Amino acid sequence: MTKKETNSIVDMLLKQQKLKNVDLACEKGSMTTMKQVYTDPRVLRTRKLIMDSFIALSNKKDFNDISVKDITEDAMINRATFYNHFLDKYDLLEQVVSEKLSLNLNCSSKEQEMTLEETFKQIFFSLVNFEQSIERHRERQEETETIDSIVQLELNNIFQEALTSQELITDPLLSFKLASLLTHTVTGLSSDYNRFHKKEQPEEYIRPLLPYILNGIAQKNSRTLS
């Protein structure tokens, strides 16, 4: 897959996200995906059927080789039904990944919002589990690049919401940049943990790093020396 094709996928995902007003937020201590709410059991069943068929096919074929026709035939539905639920296969991939990620974002329900430190730590734990659950798809470059793009979009939303809701940052542009920094940091740490530190408990791995991540290395060292 070329860099140009990857960028076009990311641009499309960004446009789709704006159209659907997707917003991952940490609200009342519980991370929830603010997507379209599905209440009709028949709609839920059909949506799950399509997702399950897509996941089953992705275990057998590369994402690039999976067509909407393949998915509808496996799910035994018509194309119109598919497009009632998803814009295309990229939208389907986005929602499958988002759903897997949100299921791992297992915040306990509290009356007050989580602190930025609690949010970062919870996302780290969630990503560790998420990365392990989709490990088989990491062998395929196209899916890896697309999944990483989706995860970054989702986590950027979470961190931006955490920064603004706690009034830690009031400048929107600075908030966006810091959310991106936190996103790259937590995804890098979760990847490092899964590759090199699995013998260590996730809590033990992340606990000593949090003060440096959130307070800065120079500031943390000056406090230690004083």
Side-chain angles (χ1 to χ4, degrees), residues 1 3 5-27 30-36 51 54-55 58-59 62-64 66 86-107 114 116 118-163 175-198 202 205-206 209 213:
M1 185 179 188
K3 186 174 180 181
E5 289 171 331
T6 302
N7 290 338
S8 67
I9 291 173
V10 176
D11 291 341
M12 180 186 63
L13 291 172
L14 282 165
K15 290 175 183 177
Q16 290 178 357
Q17 189 179 42
K18 290 177 183 177
L19 286 170
K20 293 181 293 181
N21 194 25
V22 177
D23 178 31
L24 271 176
C26 189
E27 192 169 310
S30 176
M31 289 190 183
T32 55
T33 306
M34 302 301 290
K35 292 181 182 287
Q36 181 182 354
M51 285 183 156
F54 171 73
I55 292 169
S58 68
N59 289 328
D62 287 347
F63 176 75
N64 194 47
I66 299 173
F86 304 98
L87 298 175
D88 49 36
K89 71 173 187 177
Y90 294 99
D91 181 40
L92 173 55
L93 175 62
E94 179 189 359
Q95 294 198 39
V96 167
V97 173
S98 298
E99 205 161 282
K100 273 182 173 284
L101 184 60
S102 64
L103 285 172
N104 281 298
L105 293 173
N106 187 24
C107 297
M114 292 192 301
L116 183 60
E118 290 169 333
T119 301
F120 190 96
K121 188 162 66 171
Q122 181 60 50
I123 289 174
F124 171 75
F125 295 150
S126 302
L127 276 179
V128 166
N129 293 329
F130 174 74
E131 289 287 342
Q132 292 172 0
S133 72
I134 63 165
E135 192 171 1
R136 71 182 65 182
H137 299 294
R138 292 295 186 187
E139 298 172 0
R140 300 157 186 161
Q141 184 180 358
E142 182 180 13
E143 287 177 77
T144 296
E145 291 170 344
T146 306
I147 289 168
D148 287 345
S149 299
I150 295 166
V151 169
Q152 286 178 19
L153 289 172
E154 301 285 14
L155 295 187
N156 274 343
N157 282 337
I158 293 174
F159 281 125
Q160 257 194 294
E161 178 65 25
L163 289 167
S175 173
F176 177 83
K177 290 177 179 178
L178 287 174
S180 180
L181 172 64
L182 290 169
T183 294
H184 286 291
T185 302
V186 75
T187 52
L189 288 173
S190 66
S191 176
D192 177 71
Y193 174 82
N194 279 324
R195 290 179 65 191
F196 305 114
H197 300 279
K198 282 186 178 180
Y205 173 89
I206 197 66
L209 298 175
I213 295 167

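Scope of the values below: all heavy atoms of this structure, side chains included, with no hydrogens, waters or symmetry mates. The structure displayed is predicted, hence computed values, not measured ones.
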Working to the nearest 0.5 angstrom, can you tell me the gap between [X] [atom1] and [Y] [atom2]?
X	Y	atom1	atom2	answer
Leu93	Ile55	CG	CD1	10.0 Å
Gln122	Ile206	CD	CD1	12.0 Å
Leu155	Phe120	CG	CZ	10.0 Å
Met51	Ser58	CE	OG	12.0 Å
Tyr90	Leu92	OH	CG	12.0 Å
Leu178	Thr185	CG	OG1	10.0 Å

Applying the side-chain contact (heavy atoms from CB on, under 4.5 Å) test to Ile213, which of Leu181, Leu116, Leu189 qualifies?
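Among the candidates, only Leu189 passes.
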
List the atom of Ser175, the atom of Leu163, and the distance in Å for their closest heavy-atom pair.
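Here Ser175 and Leu163 meet closest at O-CD1, 3.7 Å.
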
Do the non-hydrogen side-chain atoms of Val128 and Tyr205 ever get within less than 4.5 Å of each other?
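Not touching, per the 4.5 Å side-chain cut-off.
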
Any side-chain to backbone donor/acceptor pair from Ser191 onto Gly188? Under 3.5 Å, distance only.
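No: the side chain of Ser191 does not pair with the backbone of Gly188.
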
Quick check against the 3.5 Å criterion: does Ser180 have a side-chain atom that pairs as donor or acceptor with the backbone of Phe176?
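Looks like no, no N/O pair under 3.5 Å.
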
Give the ring-plane orientation class for Tyr193 versus Phe124, where under 30° counts as parallel, over 60° as perpendicular and anything between as tilted.
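Tyr193 and Phe124: perpendicular rings.
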
Evaluate the side-chain contact (heavy atoms from CB on, under 4.5 Å) criterion for residues Leu182 and Val186: first the C-alpha distance (whole Å), next the side-chain angles of each, then the deciding distance (0.1 Å), finally the verdict.
CA-CA 6 Å; Leu182 290 169; Val186 75; over 6 Å; no

Verify side-chain contact (heavy atoms from CB on, under 4.5 Å) between Val151 and Leu127, making sure each step is shown before the conclusion.
CA-CA 9 Å; Val151 169; Leu127 276 179; 4.0 Å; yes

